[in-house]
Number of protein chains: 2
Amino acid sequence: MKSEKSKEILKFPKATFERLKQYHALLTQLEIEQKQRYILSEEIAEMLKITPEQVRKDFSYLKTSGKPKVGYNISELLAELDELFGIKANDNIIIVGAGNLGSALANYKGFQNIGARVVAIFDKDQEKVGKMVGELMVLPLKDIPRVVRRFHVRTVAICVPEDAAQQVADLLVAYGIKAIWNFSTRILDVPNDVIVQNEDITRGLLSIKHMLAESEKRKYENSEV
Amino acid sequence: MKSEKSKEILKFPKATFERLKQYHALLTQLEIEQKQRYILSEEIAEMLKITPEQVRKDFSYLKTSGKPKVGYNISELLAELDELFGIKANDNIIIVGAGNLGSALANYKGFQNIGARVVAIFDKDQEKVGKMVGELMVLPLKDIPRVVRRFHVRTVAICVPEDAAQQVADLLVAYGIKAIWNFSTRILDVPNDVIVQNEDITRGLLSIKHMLAESEKRKYENSEV
DNA sequence: TAGATTGTTAATCGATTAACAATC
DNA sequence: TAGATTGTTAATCGATTAACAATC
């Protein structure tokens with residue numbers, strides 16, 4: 001029974017784990033569309049711009065298996081991934097910062113697909129407190145501990161301006177928060193047992209810039225030959 | 001001279017390139033703070049939760065070198081990374097979708113640090129057209145081709161609801177856009193020569209869920225011994 | 001049955017870590 | 001000078017790709 005319990009979180013290659021998240025998103029989408037019941041590794045590969053061999057290799061770590069010439073059962077695969085990511089075990093999260101970004105997050109409908117729910121949104125600005133964001137009323141920061149206790153909140157999204165991010169993080173750590181979802185570009189300094197997930201969007205744009213530069217370069221070289 | 005030109009975009013290990021973006025963000029922050037002129041590989045490593053050896057290995061691909069016992073000159077390192085990422089070559093980008101997320105993006109101040117500028121924001125909703133988002137007036141979709149031509153826009157951020165994302169992508173591809181910065185969770189189907197950068201935020205939350213589950217598991221196991 | 005696709009093993013490739021000489 | 005830190009080479013580790021048998 002112990003070994004059972006321990007096995008619940010399997011050890012995948014880190015790279016595989018990252019792709020499993022992509023498969024999960026794709027399969028969720030396909031499941032909603034209801035257009036097909038099976039999917040080939042080839043089709044998945046094409047949509048995610050990877051190779052079919054890679055897809056099959058990744059799936060070989062799962063219990064679900066595919067049928068030659070038929071592919072993988074979408075519902076079955078999705079169910080296993082849901083289980084794997086603990087989608088059914090709902091996580092209550094809160095948002096600090098009720099600006100545009102915080103509001104966008106609060107209104108985001110996709111959280112239910114990954115077993116998360118936004119239970120409250122906070123702002124230090126008295127002007128914003130009391131206003132509605134979607135179905136939530138903006139609360140003052142002092143209410144954070146109460147909400148955290150009541151809803152067993154472990155994860156907090158920080159959506160405040162750069163210069164307030166560290167301060168808010170310190171506060172949350174003091175309140176016993178386990179994980180910070182950091183939407184500021186500020187590198188946060190927190191104790192080692194607090195999980196920080198940086199969601200610095202500028203990284204994506206840097207990748208685009210780089211890829212654009214590379215394709216320009218290729219064009220230049222080809223025209224030269 | 002050809003070889004000069006070709007060398008402008010150096011070949012780094014992919015993993016190193018990803019970390020270079022983190023170093024860039026960190027150094028940008030330190031440069032703004034003006035608290036120190038030099039930084040040790042050890043200090044960088046601690047802030048980014050990697051090893052100092054990794055940092056030095058990554059930097060060995062750069063021209064900038066550090067001084068034993070002194071570290072790396074922050075300005076010098078940042079200047080090289082700026083050059084490397086083409087920060088000085090400004091990129092004009094546009095945003096489609098003037099909801100909370102699009103508005104957050106339009107108001108984001110950090111773009112200048114990575115050589116990007118939002119020149120326009122669009123929405124299909126007539127109610128939103130004409131309203132101000134920061135310093136930009138929301139424009140109707142039909143104005144996209146004009147703006148793209150006038151500002152040489154290559155990159156577009158898609159901030160529309162899930163079910164409109166593919167449609168907008170098709171439109172943009174037809175207008176000759178080179179790169180799509182996709183903020184919807186929808187997997188987009190576009191021609192191979194169009195760059196797509198997916199900014200699916202739910203992935204970060206899945207990582208958090210997984211890390212929380214792992215640390216719970218560790219706690220459980222330790223208490224059992 | 002023939003052909004297509006899966007799943008797995010082995011080979012290759014790439015990234016990280018370890019070790020240590022060079023240098024301030 | 002002694003000690004700390006950098007930078008590089010070699011060793012290890014991990015991930016991807018190739019090859020191919022199994023199977024529908």
Side-chain angles (χ1 to χ4, degrees), chain A residues 9-23 26-27 30 36-81 84 203 207 210-211 214, chain B residues 9-23 26-27 30 36-81 84 203 207 210-211 214:
Chain A
I9 295 151
L10 295 158
K11 272 283 163 258
F12 302 98
K14 223 181 128 220
T16 294
F17 181 77
E18 288 308 305
R19 282 189 298 271
L20 288 178
K21 289 191 276 184
Q22 295 187 60
Y23 302 137
L26 179 61
L27 292 167
L30 293 172
Q36 48 183 330
R37 283 159 48 85
Y38 286 86
I39 189 161
L40 300 173
S41 60
E42 175 82 38
E43 299 174 280
I44 294 177
E46 206 218 318
M47 287 188 267
L48 299 179
K49 316 266 183 198
I50 53 180
T51 66
E53 292 81 6
Q54 181 84 81
V55 174
R56 294 201 299 276
K57 178 81 188 187
D58 287 338
F59 287 178
S60 74
Y61 293 99
L62 305 175
K63 277 174 290 199
T64 304
S65 57
K67 288 200 194 86
K69 304 192 68 176
V70 179
Y72 300 86
N73 181 306
I74 292 172
S75 304
E76 190 187 345
L77 205 46
L78 183 58
E80 185 175 358
L81 290 177
L84 184 99
R203 276 190 222 166
S207 292
H210 186 255
M211 287 185 282
E214 275 198 328
Chain B
I9 296 151
L10 294 157
K11 271 283 163 257
F12 302 99
K14 224 181 128 220
T16 293
F17 181 76
E18 287 308 306
R19 280 188 301 271
L20 288 178
K21 289 191 276 183
Q22 294 188 60
Y23 302 137
L26 179 61
L27 293 167
L30 293 172
Q36 48 183 328
R37 283 160 49 85
Y38 286 85
I39 190 162
L40 300 172
S41 61
E42 175 81 40
E43 300 175 279
I44 294 176
E46 207 219 317
M47 287 189 267
L48 300 179
K49 315 265 183 199
I50 53 179
T51 66
E53 292 82 5
Q54 180 84 81
V55 175
R56 293 201 299 277
K57 178 82 188 183
D58 287 338
F59 288 178
S60 74
Y61 293 99
L62 304 175
K63 276 175 290 199
T64 304
S65 57
K67 287 198 194 87
K69 307 191 63 176
V70 178
Y72 300 85
N73 182 306
I74 293 172
S75 303
E76 190 187 345
L77 205 45
L78 182 57
E80 183 173 0
L81 290 176
L84 183 99
R203 277 190 220 166
S207 291
H210 186 254
M211 287 185 281
E214 276 199 326

Please find the pair of heavy atoms, one from Y23(B) and one from L81(B), that lie closest to each other, and give the distance. CB-CD1, 4.1 Å
Quick check on contacts: within residues 49-56 of chain A, what sits under 4.0 Å from DNA chain C by heavy-atom distance? R56(A)
Determine yes or no for a side-chain-to-main-chain donor-acceptor pair under 3.5 angstrom, with E76(B) supplying the side chain and T64(B) the backbone. no
When rounded to whole Å, the CG to C1' distance for the pair D58(B) and dT6(D) reads 14 Å
Select base, sugar-phosphate, or nothing to describe what K67(B) touches, counting heavy atoms under 4.0 Å on all strands. sugar-phosphate
L20(A) side chain reached by Y61(A) side chain, heavy atoms, under 4.5 Å: no
Close N or O pairs between protein and nucleotides 9-14 of chain D (under 3.5 Å):
none

Between T51(A) and A45(A) the two heavy atoms that sit nearest each other are C-CB, 3.5 Å
Does S41(B) put a side-chain nitrogen or oxygen below 4.0 Å from OP1 or OP2 of dT6(D)? yes
Of all heavy-atom pairs linking R203(A) and K21(B), the shortest is O-NZ, 3.2 Å
Find the distance E46(A):CD to dT5(C):P and express it as a whole number of Å. 13 Å
note: F12(A), atom CZ; dT16(D), atom P; distance rounded to Å ~ 14 Å
Side-chain atoms of A15(A) come closest, of dC24(D), dA15(D), dT8(C), to dA15(D)
Which pair of non-hydrogen atoms, one from L77(B) and one from Y72(B), has the smallest distance, and what is that distance? CD2-CB, 3.8 Å
Near E53(A) CD, under 6.0 Å, is it more than 12 heavy atoms from other residues, nucleotides or ligands? yes
So with a 6.0 Å cut-off around CD of E18(A), is the heavy-atom count from everything else above 12? yes
Could you tell me the separation between the CG atom of L62(A) and the P atom of dT8(C), rounded to a whole number of Å? 11 Å
Using OP1 and OP2 only, check whether a side-chain N or O of Y72(B) sits under 4.0 Å from dG7(D). yes
R19(B) has a side chain; which of dT5(D), dT16(D), dT16(C) sits nearest to it? dT16(C)
In short, R19(A) meets D58(A) closest at the heavy-atom pair NE-OD2, 2.6 Å
Take atom CG of L77(A) and atom P of dT6(C), then tell me their distance rounded to the nearest Å. 12 Å
Return yes when atom NZ of K49(A) has more than 12 non-hydrogen atoms of other residues, nucleotides or ligands closer than 6.0 Å, and no otherwise. yes
For the CD atom on E42(A), are there more than 12 heavy atoms of other groups (residues, nucleotides or ligands in this structure) within a distance under 6.0 Å? no
What nucleotide, of dG7(C), dG3(D), dT6(D), holds the atom closest to the side chain of S65(A)? dG7(C)
Starting at atom OH of Y38(B), determine the distance to atom P of dT5(D), rounded to an integer number of angstrom. 16 Å
Quick one: does E43(A)'s side chain have a donor or acceptor within less than 3.5 Å of a partner on L40(A)'s backbone? yes
Rounded to whole Å, NZ of K69(A) lies from P of dC24(D) at a distance of 12 Å
Using atom CD1 of I39(B) as one end and atom P of dT5(D) as the other, report the distance to the nearest whole Å. 13 Å
Reading 5' to 3' and counting Watson-Crick or G-U wobble pairs with both distances under 3.5 Å, write the dot-bracket notation for DNA chain C, | for bases paired outside the strand. ..||||||||||||||||||||||
Checking all strands, does F59(B) fall into the base, sugar-phosphate, or nothing category for heavy-atom contacts under 4.0 angstrom? nothing
